[in-house]
Q: 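This is the structure I want to talk about, given as structure tokens.
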2 protein chains.
Amino acid sequence: MVDEPHTQSGDLTISDHDAPRKSRSDGRPTIADVAARAGVGAITVSRALRNPQLVSDILRSKIDEAVRALNYVPNLNASALASSRSDVVGVLLPSLTHTVFTDVLRGIYDGGDGTKLHIQLANMRYNAIEEERLITQFLRHKPAGMIVSGIEQTAKSRRMLEMFDGPVVQIMDLTCDPIDQVIGFSHEAAGRRMTEHLIAQGYRRIAFLSGWLSERSNGRLRGFRHAMAAADLDASAKAYSILDVGMEAAMRDLGQSPTPPMLEYATPDTGRVLFRHIREHAPKVDAVFCNNDALALGVLFECLHQGIRVPEDIGIAGFNDLDFMAAAEPALSTVRTHRYRIGHAAITTIRERLNGETPGVRIDDVGCEIMARRSTER
Amino acid sequence: MVDEPHTQSGDLTISDHDAPRKSRSDGRPTIADVAARAGVGAITVSRALRNPQLVSDILRSKIDEAVRALNYVPNLNASALASSRSDVVGVLLPSLTHTVFTDVLRGIYDGGDGTKLHIQLANMRYNAIEEERLITQFLRHKPAGMIVSGIEQTAKSRRMLEMFDGPVVQIMDLTCDPIDQVIGFSHEAAGRRMTEHLIAQGYRRIAFLSGWLSERSNGRLRGFRHAMAAADLDASAKAYSILDVGMEAAMRDLGQSPTPPMLEYATPDTGRVLFRHIREHAPKVDAVFCNNDALALGVLFECLHQGIRVPEDIGIAGFNDLDFMAAAEPALSTVRTHRYRIGHAAITTIRERLNGETPGVRIDDVGCEIMARRSTER
DNA sequence: CTGTTAGCGCGTTCAT
DNA sequence: ATGAACGCGCTAACAG
């Protein structure tokens with residue numbers, strides 16, 4: 001086998017036999033080796049690899065052969081340095097566990113499929129300061145684009161992203177003043193609409209049940225309150241919000257401190273505990289609007305346990321429409337959010353813009369859907 | 001300002017005055033700019049940034065000031081090229097949606113926290129060929145380490161990873177012949193132990209219920225069959241395996257083709273449909289061992305719906321111990337796997353080895369735990 | 001502890 | 001359609 005790696009390039013002053021030549025390279029073949037073997041210039045190899053049609057068929061096949069023979073692997077770091085452009089898209093998510101974000105992620109990956117885009121993912125843990133740090137880090141890689149969650153970046157984060165030379169997409173919320181582009185839906189409208197549905201079904205003493213509230217959850221709560229107020233149910237709305245009926249105490253019952261990691265409260269068990277507290281402190285509550293589906297599932301189980309009829313005695317609604325909601329007995333009402341679609345749209349618009357296309361719309365409201373099911377059918 | 005950047009290296013034939021010098025750079029300050037402003041050599045800046053204690057206090061503070069003043073952002077691509085070493089860890093997961101892998105991911109991120117390691121994640125969709133392609137891609141970035149799922153890589157994937165110069169950790173399964181290191185547990189043992197538990201509880205006609213079977217699911221099924229055979233229940237084991245009682249037909253009922261995306265079958269709704277088929281085709285089944293928790297939840301709801309008592313008429317067991325299992329009514333038995341711990345251990349060992357420490361153990365069995373709850377309490 | 005020199009491997013620029 | 005030369009920004013290897 002012709003297995004002589006890249007030595008011909010340096011016929012310098014070094015003695016040919018003893019040549020210690022402490023190369024800093026890791027010994028893997030470079031584009032120059034491929035070029036030498038194919039009998040062409042390095043740049044031709046470069047072109048053949050990135051844009052085959054720029055090279056004649058003959059050279060191209062020679063090059064392909066050489067690539068295969070040498071087992072050539074392009075060095076993307078060198079490429080990125082030379083072109084000051086990389087194929088990495090930075091993605092910042094508040095959580096890697098919540099189904100809502102994993103669905104977004106799946107959309108991003110599916111949408112990025114078949115391209116050479118790579119995803120670099122970070123977990124900012126619902127923490128704007130952490131997010132700032134991560135953005136700083138990410139930018140060092142000179143990514144091709146960025147996807148960040150929500151619209152509540154710190155001023156510094158925002159500045160960095162504005163100065164960043166590439167597409168930036170904020171997702172999962174809406175704002176009229178995006179950094180660059182935003183794709184999401186209005187959490188306030190979602191909360192309002194589900195509450196309106198509950199009221200239309202005849203529920204009057206509705207509790208909003210949640211663990212810890214993210215910025216977006218707060219939007220839902222606002223929507224809930226507005227809808228209650230609009231129906232002249234504001235007083236009870238406040239009274240029955242779990243925020244007002246001993247959440248702290250309930251949290252203690254979970255054996256956890258009411259401080260971070262607060263995300264852990266978004267579990268069915270939390271739902272059960274919180275609902276027990278509601279029954280104690282606000283027995284007249286006739287429906288619970290849960291800030292997420294896991295809580296709703298827990299409430300259902302607690303009702304099952306206590307022999308409370310759903311939807312007759314208590315209406316239950318969740319948020320997100322995870323797959324167990326439709327399969328539950330009775331099926332649980334919820335708000336379907338288009339998480340997958342959002343992720344997909346985000347990476348798609350980045351791809352398009354990287355290809356030179358123009359942004360389309362800067363603000364993309366994908367909406368959401370009220371899934372009215374048995375659990376709120378009064 | 002002494003703002004003459006790197007021109008001394010090439011006092012060739014270029015005229016000194018006219019030089020338009022179309023810089024290909026993007027105009028951002030480089031390490032040379034920082035060095036110039038601080039009045040030191042570039043390498044000193046480099047050192048100060050990477051290993052502050054190698055530089056005297058005076059220079060270090062000067063450098064820090066310059067960095068801040070210029071808003072210097074290191075170019076990691078250049079760094080990676082020069083050192084042929086990057087701070088990116090490649091992670092290949094079969095799915096980004098299944099809670100089992102998102103928990104792994106959370107472990108990885110938590111374990112990588114506070115380091116400069118970046119995670120580059122890919123979704124190989126339970127597809128070894130796709131995995132091979134992704135490994136090829138990843139290696140182009142010259143990552144610092146790699147984490148891959150399972151032990152069933154293709155021969156080529158395996159070769160690439162063996163040749164890769166850095167730590168490689170296979171996770172979520174066990175093998176006595178890892179590529180480098182393996183951290184996981186035996187799915188066969190897990191399946192066997194849960195089955196033994198069911199048998200010990202007095203269940204005899206046990207069905208193994210699953211949607212599509214990954215390599216690891218197959219291990220669980222093997223364990224199930226071994227345990228059944230060992231208890232002289234092998235005939236029924238085969239008969240009641242959902243694989244033998246019309247899975248295809250059941251799948252059609254789901255309105256889906258029995259081909260990919262098969263992952264979608266791991267939902268509660270699938271559990272309900274499959275359980276209905278079991279009741280029809282194998283009415284004597286007295287327990288179902290579900291390949292995952294979502295299926296088990298669906299079976300529970302179907303029992304609720306049909307008025308079948310759990311655990312008296314039917315025992316239900318799942319796999320993974322997602323958080324709704326303990327909160328269900330009745331609480332659902334399952335196998336707790338240490339997903340988070342595995343992810344955490346994987347990135348931790350990579351960190352350690354990057355720091356020059358030796359691998360510890362090559363094969364790390366983190367085991368699993370049988371969570372016997374009401375749903376199998378006969 | 002600090003600086004000098006010489007690449008790392010590729011892509012741009014400009015010439016052919 | 002192809003090639004030569006240089007530079008992208010940083011760091012390893014030696015000195016001092």
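In what follows, every chain begins at residue 1, and chains take the letters A, B, ... in the order their sequences are listed.
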Q: Among residues at least two apart in sequence or on other chains, which ones pass ring-ring contact (aromatic ring centres under 6.0 Å, His included) with His141(B)?
A: His118(A)
Q: Please state how far atom CG in Asp165(B) lies from atom P in dC8(C), giving the value in whole angstrom units.
A: 17 Å
Q: Should Ser46(B) be listed as having a side-chain N or O under 4.0 Å from OP1 or OP2 of dT11(D)?
A: yes
Q: Would you say that Asp110(A) contacts Arg106(A) through its side chain, given a criterion of any heavy-atom pair below 4.5 Å between the two side chains?
A: yes
Q: Starting at NZ of Lys142(B) and ending at P of dC10(C), how long is that distance when rounded to a whole Å?
A: 9 Å
Q: Between atom CG in Leu54(A) and atom C1' in dG3(D), what is the gap in whole Å?
A: 14 Å
Q: Think Arg28(B) has a side-chain N or O under 4.0 angstrom from the OP1 or OP2 of dC10(D)?
A: no
Q: For Arg133(A), check salt bridge (Lys or Arg N to Asp or Glu O under 4.0 Å) against everything at least two apart and list the hits.
A: Glu130(A)
Q: Indicate yes or no: at least one non-hydrogen side-chain atom of Leu96(A) is less than 4.5 angstrom from one of Phe101(A).
A: no
Q: Flag the pair Tyr109(B) / Ile119(B) as yes when at least one side-chain heavy-atom distance between them is below 4.5 Å, and no otherwise.
A: yes
Q: At under 4.0 Å, does any side-chain N or O of Arg85(A) touch on OP1 or OP2 of dT12(C)?
A: yes
Q: Just checking, is any N or O donor in the side chain of Gln170(B) or Gln153(B) under 3.5 Å from an acceptor N or O on the other one?
A: yes
Q: Are Val169(A) and Asp180(A) side-chain neighbours, meaning at least one heavy-atom pair lies under 4.5 Å?
A: no
Q: Compute the angle between the rotation axes at the two ends of the helix from dC1(C)-dG16(D) to dT16(C)-dA1(D), each taken over five pairs, rounded to 10 degrees.
A: 20°
Q: If I take atom CG in residue Asn77(B) and atom P in nucleotide dC10(C), what distance separates them, rounded to the nearest angstrom?
A: 14 Å
Q: Which residues pass the side chain to side chain contact (heavy atoms under 4.5 Å, CB included) test with Thr115(B), not counting sequence neighbours?
A: Leu117(B), Arg351(B)
Q: Output the rounded distance in Å from CZ (Arg140(A)) to C1' (dG9(D)).
A: 14 Å
Q: Which nucleotide wins on minimum distance to the side chain of Ile43(A), given the candidates dT2(C), dG9(C), dG11(C)?
A: dG11(C)
Q: Calculate the interatomic distance between Leu81(B) atom CG and dG9(C) atom C1'; express it in whole Å.
A: 5 Å
Q: For the pair made of CG in Leu49(B) and P in dT11(D), what is the distance, rounded to whole Å?
A: 8 Å
Q: Could you tell me whether Arg47(A) contacts a base, only the sugar-phosphate backbone, or nothing, with contacts defined as non-hydrogen atoms closer than 4.0 Å?
A: base
Q: Check this for me: does any side-chain nitrogen of one of Arg125(B) and Glu131(B) sit under 4.0 Å from a carboxylate oxygen of the other?
A: no
Q: The criterion is ring-ring contact (aromatic ring centres under 6.0 Å, His included); which residues satisfy it with Tyr340(A), sequence neighbours excluded?
A: His344(A)
Q: Looking at Thr44(B), I'd like to know whether one of its side-chain N or O atoms comes within less than 4.0 Å of OP1 or OP2 on dG3(C).
A: yes
Q: Using whole Å, what does the distance between atom P of nucleotide dG11(C) and atom CG of Asp87(A) come to?
A: 11 Å
Q: When you get a sec, tell me which of dC10(C), dT12(C), dG3(C) is the closest nucleotide to the side chain of Thr30(A)?
A: dC10(C)
Q: Looking at DNA chain D, which of residues 55-76 of chain B put a heavy atom within less than 4.0 Å of it?
A: Tyr72(B), Pro74(B), Asn75(B)
